[in-house]
Amino acid sequence: MSLFTKAQAVIAGGVNSPVRAFAGVGGDPVFFKSAKGAYLWSEDGRRFIDYVGSWGPMILGHAHPAVIDAVTETARQGLSFGAPCVLETELAEKICELVPSIEKLRMVSSGTEATMSAIRLARGHTNRDKIVKFEGCYHGHCDSLLIKAGSGALTLGVPSSPGVPASLAEHTITLPFNDIDAIQAAFDELGEQIACVIVEPIAGNMNMVTPVPGFHEALRELCTAAGSILIFDEVMTGFRVAKGGAQSIFGITPDLTTLGKIVGGGMPAAAFGGRASIMDSIAPDGPVYQAGTLSGNPVAMAAGLATLQLIDAPGFYESLAARTQQLVDGLADKAAAAGIPLATECEGGMFGLVFTDAESIRSFDQVVAADVKRFKKFFHGMLDEGIYLAPSAFEAGFVSAAHGDDEINATIAAADRVFAAV
Ligand code: KE4
């Protein structure tokens, strides 16, 4: 009996998160046993160069010695107290230092908790119900946000999930990403009812889609004018595309930011934060309730703090961005040589690959119209070559500081062989 069949007997879908089930690419998922640096090892002993990085957290590479040491030393002092500990303050201070728009924050245990809490805070602080999100963006699986979600939901072909009451869904306005006219019209019609706009500042859950000039400026201006809260969901882009996140690239100051993935260094930790005047509405100081048994637990804090200390090193992002650019340029060259239309995007340690002859990818519709069938062949061809990409045409890829010339060149050489066959 296969590992997957055994898992399916006791775990819903055989996985603890849908996108892992390979539904978007076909075949059974690979079960991994260990990881180090840029590499994963499967239960059956194969080695893979990893471009998923646990969906973003592993920016230093897997099992970085400093992170492992921090986790093991902290764990020996106890796993969780359910009471304040200094590590929570130290990680919060580091986050506020790296992301100046965050004056105060609250730690939680997942990106979903972060966005769910930020939405509730925005609604409670403004006393408004309507929220705005964008088609193809994914912000976790809380009810108000699982409307035409990207990521897993898109991969499964279910753009909005059953189980979300219509009475709740009606408060979520979903607009086309990058469509400035649409956001203007929404505010013209409903501005004073809109509690917040939540956006992935660089979308990474419909593959990688970058904002058009003026998009974020329009969101900022319209939210300010209407008294709505602008939430940058940087769960993926935070510390991934730049040390200060996407907001530091675009020079936009959101009112709230959500973080996850890298902020926990591979352990379950996430955060939401922003203007102190808004965060002061969160219990116990304010009336908006939010809580969590393992929020801020010392082991996760230690992993996150060790990670953020290491990404704060001089030249870290310059080197990471150069490595990622080297990868996508190499893949684009090999695709062109094979006559395969491939659009690439990259920013910092994040990249996107879309099989389309479009010059650049700026919309959800462009991604959905791309050649998913060819992506599936490419995915499996690369998997057979020992290269582990995200098992979905609607996900971004991630390079770590542990990916060196050898790994990048081996990946490009593998793609050269695979492009000849897709
Ligand atoms: P989590 O609840 O999965 O920690 O975070 C939800 C979330 C929120 N916001 C953004 C921008 C995100 O990308 C995510 C989660 N990302 C997906 C991958 N694209 C997680 C992978 C999975 O669902 O298994």
Side-chain angles (χ1 to χ4, degrees), residues 11-25 29 32 50-59 107-119 131 133-156 158 161 177 196-211 231-241 245-247 254 256-272 292 294-295 300 303-304 347 349-352 364 367 388-398:
I11 299 172
V15 290
N16 286 309
S17 198
V19 70
R20 304 177 191 173
F22 273 31
V25 290
F32 292 108
D50 178 23
Y51 289 100
V52 177
S54 184
W55 301 98
M58 311 321 297
I59 193 165
M107 299 303 302
V108 293
S109 298
S110 72
T112 295
E113 261 196 282
T115 57
M116 174 181 73
S117 306
I119 295 291
I131 66 172
K133 72 174 291 286
F134 296 91
E135 201 169 23
C137 286
Y138 175 70
H139 304 288
H141 60 88
C142 80
D143 282 354
S144 283
L145 290 168
L146 207 53
I147 312 284
K148 290 192 178 175
S151 188
L154 196 64
T155 302
L156 296 177
V158 180
S161 171
F177 186 78
C196 65
V197 171
I198 184 165
V199 65
E200 290 183 63
I202 295 175
N205 287 287
M206 47 172 151
N207 213 285
M208 182 172 173
V209 181
T210 54
I231 303 173
F232 265 20
D233 177 1
E234 297 226 42
V235 165
M236 182 184 290
T237 54
F239 315 116
R240 169 57 61 182
V241 297
Q247 57 194 268
L256 293 178
T257 297
T258 52
L259 297 168
K261 297 179 191 281
I262 292 170
V263 82
M267 296 296 286
F272 64 101
L294 294 175
S295 298
E347 188 71 56
M350 179 174 169
F351 67 91
F364 171 74
V367 175
Y388 191 67
L389 301 171
S392 161
F394 303 104
E395 295 287 353
F398 305 107

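Note that this is a predicted model, so its numbers are computed, not measured. Numbers for residues simply follow the sequence, beginning at 1. Whatever order the structure lists ligands and atoms in, that order sets their numbers, starting from 1.
Ligand 1 has no nitrogen or oxygen under 3.5 angstrom from a nitrogen or oxygen of H139. Checked by distance only, ligand 1 and W55 stay at 3.5 Å or farther apart across all their nitrogen or oxygen atoms. For the pair M236 and ligand 1, the shortest N or O to N or O distance does not fall below 3.5 Å. Taking any N or O of T115, backbone or side chain, none lies under 3.5 Å from an N or O belonging to ligand 1. Ligand 1 has no nitrogen or oxygen under 3.5 angstrom from a nitrogen or oxygen of R20.
Residue contacts with ligand 1 for E234 are absent, since no atom lies close enough (heavy atoms, distance under 4.0 Å). The part of E200 lying near ligand 1 is the side chain, judged by heavy-atom distances below 4.0 Å. Residue contacts with ligand 1 for N205 involve side-chain atoms from C-beta outward but no N, CA, C or O (heavy atoms, distance under 4.0 Å).
In this structure, CZ on F177 lies 11.0 Å from CG on N205, to the nearest 0.5 angstrom.
In this structure, G136 and E200 approach most closely via the heavy-atom pair O-OE2, 4.3 Å. Across A246 and V241, no two heavy atoms sit closer than the pair N-CG2, 3.5 Å. Here the closest non-hydrogen pair linking M58 and G266 is SD-CA, 3.9 Å. When all heavy atoms are compared, the tightest approach of L259 to A114 is O-CB, 4.0 Å.
Per-residue contacts place V19 under 4.0 angstrom from the following atoms of ligand 1 (heavy atoms of the residue considered): 22 (C), 24 (O). For ligand 1, the atoms lying closer than 4.0 Å to a non-hydrogen atom of G140 are 6 (C), 7 (C), 8 (C). In the vicinity of Y138, heavy-atom distances shorter than 4.0 Å reach the ligand 1 atoms 9 (N), 10 (C), 11 (C), 12 (C), 14 (C), 15 (C). Here is the list of ligand 1 atoms found below 4.0 Å of a heavy atom in S17: 22 (C), 23 (O), 24 (O). For ligand 1, the atoms closer than 4.0 angstrom to any heavy atom of K261 are 13 (O), 15 (C), 16 (N), 17 (C), 18 (C), 20 (C).
Between F32 and Y388, the distance from one ring center to the other falls under 6.0 angstrom.
Using modelled atom types, one side-chain atom of S110 and one backbone atom of E113 make a donor-acceptor pair closer than 3.5 Å. A donor-acceptor pair under 3.5 Å links the side-chain atoms of E234 to the main chain of Q247, judged by distance alone. The backbone N or O of T257 lies less than 3.5 Å from no partner atom in the side chain of D233, so there is not a single donor-acceptor pair.
In this structure, H141 falls outside the shell of residues with a heavy atom less than 4.0 angstrom from ligand 1.
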